[in-house]
There are 2 protein chains.
Amino acid sequence: MGATKSDQFTEEQNKLALLAKALGHPARIAIIEYLLKVDSCICGDIVGVLPLAQPTVSQHLKELKNAGLIKGNIEGTAICYCIDEAGFEKIKSFFEHVSLSLAKKKYNCC
Amino acid sequence: MGATKSDQFTEEQNKLALLAKALGHPARIAIIEYLLKVDSCICGDIVGVLPLAQPTVSQHLKELKNAGLIKGNIEGTAICYCIDEAGFEKIKSFFEHVSLSLAKKKYNCC
DNA sequence: ACTATTTATCGTAATATTGCAATATACAAA
DNA sequence: TTTGTATATTGCAATATTACGATAAATAGT
């Protein structure tokens, strides 16, 4: 064995896990933070910002895109990346649900 | 290679990535959801709820604990697990930061 | 002390992720 | 068409994760 038993869990659980997993690498957190900082899209300067080789960065970008956390547009010879708000909305609402449930709890005994 | 280059990123980025990674598996999402649902702590019935063997569940619980997302207390012969609010607060605030930054953005061009 | 119950750890096989060199692709400009 | 620039893909090695059987550790009850 070794493969995740995704089929044993709900689609919702798998979707949330995939979103969380996509953020489960410091390089990908760094990419999101940079995208937020530049107040627009990134059109070609991500590789220079990260301490990783170009193919590695490309791979991380692909994963964020697959997860639905960023979007990419071809813009001439460069590619323009930006945050995909829908994906963030989805995972953010999970944490809001957690907060709400915790507030309603009678005791959190540990 | 193959090892994550954690030392090339900030402590903050690594911390967030670790929290996200801990939630990056459907079984661990399921554990959190169950902990929220039972309106108290779990004292021994997690294994019966998940479609995984006992050692596997134990391992997932350990990862959630290491990440600071749950806490565990020995309670006689059973162990009592519950949500660790501090960890969730930390990651929730990241998503709030993302939302705020997005709202301030002039254009999200893609 | 013995037995049953619950959770943790060890060992290991299967699979996934990370990272990069080499290479391919796509487009713009000369 | 050739050259340069930017990004993606391929292939592979190193490492990490996932899952579970076997076993250990801890405690409660008899």
Side-chain angles (χ1 to χ4, degrees), chain A residues 1-9 13-14 17-31 34-35 41-67 69-82 110, chain B residues 1-9 13-14 17-31 34-35 41-67 69-82 110:
Chain A
M1 282 114 219
T4 298
K5 290 182 140 187
S6 316
D7 53 318
Q8 304 278 351
F9 299 96
Q13 287 165 341
N14 277 299
L18 283 177
L19 281 165
K21 194 159 154 184
L23 291 170
H25 192 292
R28 298 197 287 267
I29 293 283
I31 289 171
Y34 186 67
L35 272 168
C41 301
I42 297 177
C43 302
D45 48 0
I46 295 196
V47 173
V49 173
L50 293 176
L52 297 169
Q54 181 268 323
T56 309
V57 173
S58 186
Q59 201 172 288
H60 283 307
L61 287 167
K62 191 178 170 186
E63 271 172 76
L64 284 170
K65 203 172 163 189
N66 284 342
L69 290 166
I70 65 175
K71 290 184 281 188
N73 260 18
I74 297 170
E75 189 98 356
T77 178
I79 288 199
C80 186
Y81 278 111
C82 62
C110 308
Chain B
M1 284 110 220
T4 299
K5 290 179 136 188
S6 317
D7 52 319
Q8 303 279 347
F9 299 94
Q13 287 164 342
N14 278 299
L18 283 177
L19 282 166
K21 194 160 154 184
L23 292 169
H25 191 291
R28 296 195 290 266
I29 294 284
I31 289 172
Y34 186 67
L35 272 168
C41 301
I42 296 178
C43 302
D45 48 359
I46 295 197
V47 173
V49 173
L50 292 176
L52 296 170
Q54 180 268 323
T56 311
V57 173
S58 185
Q59 202 171 288
H60 283 307
L61 287 167
K62 190 177 170 185
E63 270 172 76
L64 284 170
K65 202 171 162 191
N66 282 343
L69 290 166
I70 66 175
K71 290 183 282 188
N73 260 19
I74 298 171
E75 190 96 355
T77 178
I79 288 199
C80 184
Y81 278 112
C82 63
C110 305

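By convention in this document, chain letters (A, B, ...) are assigned in the order of the sequence lines, proteins followed by strands, and residues within each chain are numbered from 1.
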Counting only side-chain nitrogens and oxygens, does B:Lys5 get under 4.0 Å of the OP1 or OP2 atom of C:dC20? yes
Using whole Å, what does the distance between atom P of nucleotide C:dA8 and atom CG of B:Asn66 come to? 12 Å
In whole angstrom, what separates B:Lys62's NZ from D:dA16's C1'? 14 Å
Looking for any heavy atom pair under 4.0 Å, which part of the strands does A:Lys21 touch: base, sugar-phosphate only, or nothing? sugar-phosphate
Integer-rounded Å distance: D:dT18 C1' and B:Leu23 CG: 17 Å
Got a list of side-chain donor-acceptor pairs under 3.5 Å for residues 60-67 of chain B, not counting sequence neighbours?
unit_1	atom_1	unit_2	atom_2	d
B:His60	ND1	B:Arg28	NH1	2.9
B:Glu63	OE1	B:Arg28	NH1	3.2

Contacting residues from residues 50-61 of chain A, given that a heavy atom lies under 4.0 angstrom of DNA chain C: A:Leu52, A:Ala53, A:Pro55, A:Thr56, A:Gln59, A:His60
Whole angstroms only, please: what is the CD-P distance between B:Glu63 and D:dT17? 7 Å
Enter the distance from A:Ile70:CD1 to A:Ile31:CD1 here, rounded to the nearest 0.5 Å. 6.5 Å
Of the candidate nucleotides C:dT7, D:dA16, D:dA19, which contains the atom at the shortest distance from the side chain of B:Ala3? D:dA16
Round to the nearest Å and state the distance from A:Asn14 atom CG to C:dA16 atom P. 14 Å
Side-chain N,O (A:Tyr81) to OP1/OP2 (D:dA8) below 4.0 Å: yes
Whole-Å distance between D:dT7 C1' and A:Asp45 CG? 13 Å
Do A:Leu19 and A:Leu23 have side-chain heavy atoms sitting under 4.5 Å apart? no
Over how many whole Å does the gap from A:Ile79 atom CD1 to D:dT5 atom P extend? 18 Å
Applied to residues 46-56 of chain A, the salt bridge (Lys or Arg N to Asp or Glu O under 4.0 Å) test, sequence neighbours excluded, yields none
Report the residues that fulfil side chain to side chain contact (heavy atoms under 4.5 Å, CB included) with B:Ser58, sequence neighbours left out, ordered by chain and then residue number. B:Gln54
Can you measure A:Ile29 atom CD1 to C:dT18 atom C1' for me and round it to whole angstrom units? 16 Å
Side chains of B:Phe9 and B:Thr4: does their closest heavy-atom pair fall under 4.5 Å? no
NA contact type, A:Gln8, heavy-atom cut-off 4.0 Å: base, sugar-phosphate, or nothing? nothing
Beyond-backbone contact of B:Tyr34 with B:Asp45, side-chain heavy atoms, under 4.5 angstrom: yes
Nearest listed nucleotide, side chain of B:Thr4, among D:dA16, D:dC20, C:dT18: C:dT18
